[in-house]
Student: 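So that we are looking at the same thing, I have put the structure below in structure tokens.
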Amino acid sequence: MSQAERLTRLGEILVELSRSPIPTHFFQTLGDEAGSVVPFDYLAVCLQDEDKRGYMVHTLAVPSDGGIGERLFEAHEGVAGRVIRVGRPALVADLGAEDDGVPDFEGALVAAGMSAALVVPVRRGFEILGALFFAGRPPVVYGEEDVQIATLLAAGLSASLETSMAYQALADERSTLAAVLASTADAVIMVNQAGVVLLANAAVRPMLGLSPDLVTGRPLLEVVDYVPLRQLFAAARPGLSELPLPDGGVAQAALVAVVTPFGEPVGLAAILRDISLLKNLEQMKNDFVNAVSHDLKSPITVIAGLADLMMRAGPGDARLQTRLQDIRDTAQHMSDLVTDLLDLGKIEAGLDADYEPEDVVGLINEALRLVTPHAETRNVTLQSELPAEAIVSVARTRIRQAFANLLDNAVKYTPAGGRAGVSAVFSAGADGRATLTIRIADTGIGIPARDLPHVFDKFYRVQSDATRGTAGTGLGLAITKSIVEAHGGRIRVESTEGAGTTFVVELPLARGSGEQRG
Ligand code: ADP
């Protein structure tokens, strides 16, 4: 065979080698095909073990009488050990005369009648993975041309080994991921951009009554009847939401956009967590608070009324008068607390079902009028900068209450001579929907940074010298937040201690009320 013919044949073998990432496949190819470019009676791949203590011999084409040790040959043993150590090919004319030879490798080959050997390193970059070991019986002898061809075969083998390792790593990663997905109690469903289900884990069965095998690979809208889930994917709005479950429970649904590491969109994934138990607990807690608040309301009113009566009718003893005043004030505080708790219960239970499109600017102005007397007694200037009209779908008394709370706080937490005000502008919200952004700002005592994350929590009040003398229940902002969120809006706070506070409320404008007058 001419050198040109050998090279052509070699090309074919290299292509063949790259066909499969499975080592048994390309080892087989090498054993079957390499003989047509480099003659041999024995062929083996010697691969270093992971901690480079030595090498294992994988025989690809066996001499008739075998006898090669199935053990880890140490790095100093055999011709292969030397080639791996020094990283250069070895051409051997007489295996029996080799100093490095070991009885259960070179010795076994000699016993099988072989004398010539050609051993080339298999490298990956600067690293030596192992060696390719050819041996033959006379008349086989190896020369420089064989070294070149064998080196190219070794390069092909190295590429195959590399692909195989990458493939294995990927397969391991995939199976880890699959195991995590299969064992999690959260239901995970992923669809591609065409709406075809790419993945549905085992938890979709108990939670949604879907069979993962039946839905995977099919269009979601064809295989899923459950309306809330269809709506979740149809709306395609990434974020958290609550999803009713077919069994009457509730799941928290996280919808996320899936993108490749290169930023190309793949589709949408929903992760559903059953929160029915939490919801029930919360409901029980709220029911309890509501029941207790309700039962407290009447006796407190009676106490306050009686204290009032005694103050007016009783003897003019000054000490008794102060005691009665204390009773009155305490009863008033308890009454405020109970009213706030009952309000919160109603809002959280979603009892304000009658939402009507209404002009919020009018409601904000009403709230301003409500707090004006308070502002005048405290000598705080009230300002407003509002558009003429903005239509929002609202529960009117609640929204007015929310703004009254915020404005009242602005007045309450601003020292005499300060300013408190409200302004509103139209903008496009995060989801592109037209939004009214309202700012309630004051030049008051501000909120320390460490308290900022908590001011919307129930019963949270900032404890400082500046707030000491100010009465309150710590429920106003919790109520306000619930109201704003019940209207599909958002609220946040910005503040600098000692300089002032701004509460920012975003309310989505009623659909179809595009003609807002500014
Ligand atoms: P409270 O009944 O105590 O006013 P809120 O829930 O309305 O309860 O407010 C919680 C806490 O947040 C208040 O106790 C106060 O410390 C702080 N806070 C609220 N609004 C302001 C404001 N405009 N300026 C400074 N602090 C405020």
Side-chain angles (χ1 to χ4, degrees), residues 286 289 293 296 300 329-348 364 367-368 370-385 397-424 437-486 489-506:
N286 288 346
V289 171
S293 328
L296 282 175
I300 291 169
D329 290 351
T330 313
Q332 183 59 47
H333 175 75
M334 285 165 80
S335 164
D336 288 350
L337 196 67
V338 167
T339 312
D340 280 357
L341 279 172
L342 283 172
D343 278 351
L344 203 55
K346 280 188 214 139
I347 295 159
E348 284 182 350
I364 296 174
L368 270 170
L370 283 177
V371 298
T372 304
H374 188 195
E376 277 166 3
T377 24
R378 290 190 51 84
N379 190 19
V380 172
T381 314
L382 271 184
Q383 298 168 324
S384 74
E385 202 172 309
T397 49
R398 289 300 177 209
I399 267 298
R400 189 177 50 208
Q401 180 182 6
F403 289 116
N405 278 349
L406 293 173
L407 284 166
D408 196 52
N409 276 349
V411 169
K412 191 160 86 170
Y413 296 107
T414 299
R419 274 171 289 121
V422 53
S423 65
T437 301
I438 305 125
R439 287 169 189 275
I440 294 93
D442 62 59
T443 61
I445 59 171
I447 300 171
R450 75 185 128 82
D451 294 301
L452 271 181
H454 308 293
V455 291
F456 294 106
D457 295 352
K458 291 173 196 165
F459 300 109
Y460 195 88
R461 305 198 67 214
V462 176
Q463 305 294 339
S464 70
D465 290 343
T467 59
R468 192 140 301 140
T470 315
T473 59
L475 285 170
L477 287 179
I479 293 176
T480 303
K481 183 167 194 238
S482 295
I483 295 175
V484 170
E485 286 179 354
R490 288 189 306 189
I491 182 167
R492 62 173 198 275
V493 57
E494 296 155 5
S495 184
T496 310
E497 200 179 350
T501 305
T502 303
F503 283 89
V504 184
V505 177
E506 290 174 343

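First listed ligand is number 1; within each ligand, the first listed atom is number 1.
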Student: Any heavy-atom pair between the side chains of L475 and F459 that's under 4.5 Å?
Tutor: yes
Student: Which of the atoms in ligand 1, numbered in the order shown and given with their element, are less than 4.0 Å from a heavy-atom of R461?
Tutor: 1 (P), 3 (O), 14 (O)
Student: Got the closest protein heavy atom to atom 17 (C) of ligand 1, with its distance?
Tutor: V462 CG2, 4.0 Å
Student: Looking at Y460, which atoms of ligand 1 are within less than 4.0 Å of one of its heavy atoms?
Tutor: 10 (C), 11 (C)
Student: Counting from 1, what ligand 1 atoms have a heavy atom of V455 closer than 4.0 Å?
Tutor: 10 (C), 12 (O)
Student: Starting from atom 7 (O) of ligand 1, which protein heavy atom do you reach first, and at what distance in Å?
Tutor: N409 ND2, 2.8 Å
Student: Less than 4.0 Å is my threshold; does some heavy atom of G446 fall inside it relative to ligand 1?
Tutor: yes
Student: Nearest protein heavy atom to atom 23 (N) of ligand 1, by residue and atom, and its distance?
Tutor: D442 OD2, 2.8 Å
Student: Counting neighbours of CZ on R461 that are heavy atoms of other residues, nucleotides or ligands and sit closer than 6.0 Å, is the number greater than 12?
Tutor: yes
Student: Once rounded to the nearest 0.5 Å, what's the spacing between atom OH of Y413 and atom CG of D442?
Tutor: 11.0 Å
Student: Is ligand 1 under 4.0 Å from a heavy atom in the side chain of T501, in the backbone, in both, or in neither?
Tutor: side chain
Student: Would you check whether F456 reaches within less than 4.0 Å of ligand 1, judged by its heavy atoms?
Tutor: no
Student: Run the numbers for me: atoms of ligand 1, each under 4.0 Å from some heavy atom of I447, listed by number.
Tutor: 18 (N), 25 (C), 26 (N), 27 (C)
Student: Which bit of L475 gets closer than 4.0 Å to ligand 1, counting heavy atoms only: side chain, backbone, both or neither?
Tutor: backbone
Student: Which ligand 1 atoms, with their elements, are less than 4.0 angstrom from a heavy-atom of K412?
Tutor: 1 (P), 2 (O), 4 (O)
Student: For ligand 1, which atoms, with element, lie under 4.0 Å from some heavy atom of G474?
Tutor: 1 (P), 2 (O), 3 (O), 6 (O), 8 (O)
Student: Nearest 0.5 Å please: distance from the OG atom of S293 over to the CG atom of D340.
Tutor: 10.0 Å
Student: What residue among D451, T502, T501 forms side chain to side chain donor-acceptor pair (under 3.5 Å) with S495?
Tutor: T501
Student: List every atom of ligand 1 that sits less than 4.0 Å from any heavy atom of L477, numbering the atoms from 1 in the order shown and giving each element.
Tutor: 5 (P), 6 (O), 7 (O), 9 (O), 10 (C), 12 (O), 19 (C)
Student: For ligand 1, which atoms sit closer than 4.0 Å to a heavy atom of G476?
Tutor: 5 (P), 6 (O), 7 (O)
Student: Please list the nearest protein heavy atom to atom 14 (O) of ligand 1 with its residue and the distance rounded to 0.1 Å.
Tutor: Y413 OH, 3.2 Å
Student: Can you check whether N409 reaches K412 side chain to side chain, under 4.5 Å on heavy atoms?
Tutor: yes
Student: Using modelled atom types and a 3.5 Å cut-off, is there a donor and acceptor pairing between side-chain atoms of T339 and backbone atoms of S335?
Tutor: yes
Student: Does R398 use its side chain to pair, donor to acceptor, with the backbone of I347 at less than 3.5 Å?
Tutor: no
Student: Heavy atoms only: which of T473, T467, T470, T502 is nearest to atom 2 (O) of ligand 1?
Tutor: T473
Student: To the closest 0.5 Å, what do you measure between CD (Q332) and CG (L337)?
Tutor: 11.5 Å
Student: If you define the side chain from C-beta out and look only at heavy atoms, does anything of H374 sit under 4.5 Å from V380?
Tutor: no
Student: Can you tell me how the ring of H454 sits relative to the ring of Y460, calling it parallel under 30°, perpendicular over 60° and tilted otherwise?
Tutor: tilted
